[in-house]
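Heads up, the thing below is written out as structure tokens.
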Number of protein chains: 2
Amino acid sequence: MYNTYVNPDSHPDTEKRIREAASKVFQLKGKAGASMQEIADEAGINRTLLNYYYRTKDKLFEAIFRDAMETFVPYLVSVLNSDRSFSEYIHEMVDTLINTLLENPQIPVFVLQELSTNPMRMANLIRELGVDTDQGLAKFYKEFTNTDLAGTDPRQIIINLLGLCIFPFAARSIITVILYNGDNQAFDKAMIERKEYLPAMILRSINYEK
Amino acid sequence: MYNTYVNPDSHPDTEKRIREAASKVFQLKGKAGASMQEIADEAGINRTLLNYYYRTKDKLFEAIFRDAMETFVPYLVSVLNSDRSFSEYIHEMVDTLINTLLENPQIPVFVLQELSTNPMRMANLIRELGVDTDQGLAKFYKEFTNTDLAGTDPRQIIINLLGLCIFPFAARSIITVILYNGDNQAFDKAMIERKEYLPAMILRSINYEK
DNA sequence: GTCTATATTGTGATAGAC
DNA sequence: GTCTATCACAATATAGAC
């Protein structure tokens with residue numbers, strides 16, 4: 001057998017631990033607020049190892065940001081491309097979005113912050129991930145006009161859908177403090193109820209008769 | 001006349017220029033991403049003057065953040081405390097929020113970012129600004145139950161209201177790129193239409209009969 | 001792959017002249 | 001109030017030993 005020798009000092013999962021640590025710190029403090037030292041400490045490794053694996057902070061962030069996008073963009077794409085009735089479509093989208101956000105509650109602020117300081121990166125990244133937004137939208141528009149809801153710009157509906165699902169997580173801390181007495185579990189419970197509540201609410205808002 | 005002497009080097013509006021520059025840079029890059037040098041350059045002054053006026057970066061940020069909050073919190077409070085029908089209440093709130101955000105489109109990301117890294121600051125600030133959230137909510141809850149919309153948790157309605165108004169501005173750049181072909185004016189136009197569209201949409205969503 | 005040591009630059013902050 | 005000079009320190013990044 002060849003190549004069975006392993007450096008006793010090497011940690012085969014170092015890269016994975018770096019990614020997890022970097023993801024945690026970046027999402028908590030933002031790109032500029034995070035330091036390489038902090039990420040190294042969180043990963044339990046020497047700071048210079050970060051440079052060994054990713055050369056620069058910028059490249060490390062790039063990788064982590066891409067990771068974050070890849071955790072939820074494919075879900076959205078699969079819903080966009082699925083063949084479902086408009087009602088099912090709304091149900092699926094709300095369910096997918098809120099489930100993903102319950103597991104990654106920091107993503108909205110993380111993405112929105114990067115989005116505002118670097119608007120082009122995300123647009124490019126979405127294209128790189130192979131998402132054809134025009135096609136997805138065309139499908140939505142077609143489905144939408146089929147339900148004789150004309151008169152309303154379908155783009156407003158898309159903004160509603162995203163805002164209703166994403167905003168509560170973006171403003172999570174203040175919402176929890178003011179509306180739920182600082183009880184994080186109560187917030188999560190409300191979001192789970194929201195999965196049931198939103199689709200009917202949205203369909204009602206556009207006078208959609210099942 | 002006393003005290004008419006003015007140092008020829010003095011700029012009586014220096015503090016104002018600092019605040020404007022700091023506000024612009026902080027909103028664009030976030031607290032950690034902004035540097036004192038950059039703010040000084042933007043204001044066209046020497047960097048050490050920032051320390052002269054605000055001693056530390058932290059205190060400067062505190063002042064700017066408070067400024068930002070004070071630009072829209074009072075509006076919300078005045079609506080919260082006004083004596084209006086539920087329908088008028090929704091109209092007023094949407095109008096006030098979107099008008100403020102059209103003039104300060106960067107505020108949502110700015111506030112949300114700070115909110116996620118420093119959750120307590122904003123809760124404290126809201127209290128300091130003299131906003132009695134409990135009273136405002138009590139009023140909303142009462143108004144809400146009067147319209148026999150029981151069965152829905154009124155907190156979900158508040159989250160809807162805020163998300164529908166604030167989210168599009170938080171995600172402004174990506175929405176503009178994907179939905180409006182990168183045309184910023186088209187986005188603004190859509191938000192102005194949204195002022196008309198949202199109140200009716202919200203009232204419909206809760207089966208409210210005028 | 002992982003460490004120590006070091007280079008280099010950036011940044012917040014203060015002291016002191018004018 | 002505004003500037004120059006300077007400080008102390010933190011940050012990213014690289015070189016080189018093991």
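Naming convention: chains lettered A, B, ... in sequence-line order (proteins, then strands); numbering from 1 in each chain.
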Interatomic distance where CG belongs to A:Leu60 and C1' belongs to D:dA11 [whole Å]: 15 Å

Test: B:Arg194 and A:Asp153 ion pair at under 4.0 Å: no

Let me check something: any side-chain donor-acceptor pairs from residues 102-113 of chain A under 3.5 Å, sequence neighbours excluded? List them with distances.
unit_1   : atom_1 : unit_2   : atom_2 : d
A:Asn104 : ND2    : A:Thr100 : O      : 2.9

Distance-only side-chain donor-acceptor flag, A:Asn160 / A:Gln156, under 3.5 Å: no

Whole angstrom value for the distance that separates C1' of D:dT14 from OH of A:Tyr53: 18 Å

Distance in angstrom units between A:Ile18 CD1 and C:dG1 C1', rounded: 11 Å

Separation of atom CG in A:Leu50 from atom C1' in C:dT2, rounded to whole Å: 12 Å

Nucleic acid footprint by protein, nucleotides 8-16 of chain C - heavy-atom cut-off 4.0 Å, B for base, S for sugar-phosphate alone: ---SBBB--

B:Leu50 to B:Ile45 - nearest heavy-atom pair and separation: CD2-CD1, 4.0 Å

Donor-acceptor pair between B:Arg121 and B:Asn124 side chains, under 3.5 angstrom: no

Protein-nucleotide distance (A:Asn46, atom CG; C:dA5, atom P), rounded to Å: 11 Å

Interatomic distance where CG belongs to A:Leu49 and C1' belongs to D:dA15 [whole Å]: 15 Å

Salt bridge flag under 4.0 Å for residues A:Glu193 and A:Lys189: yes

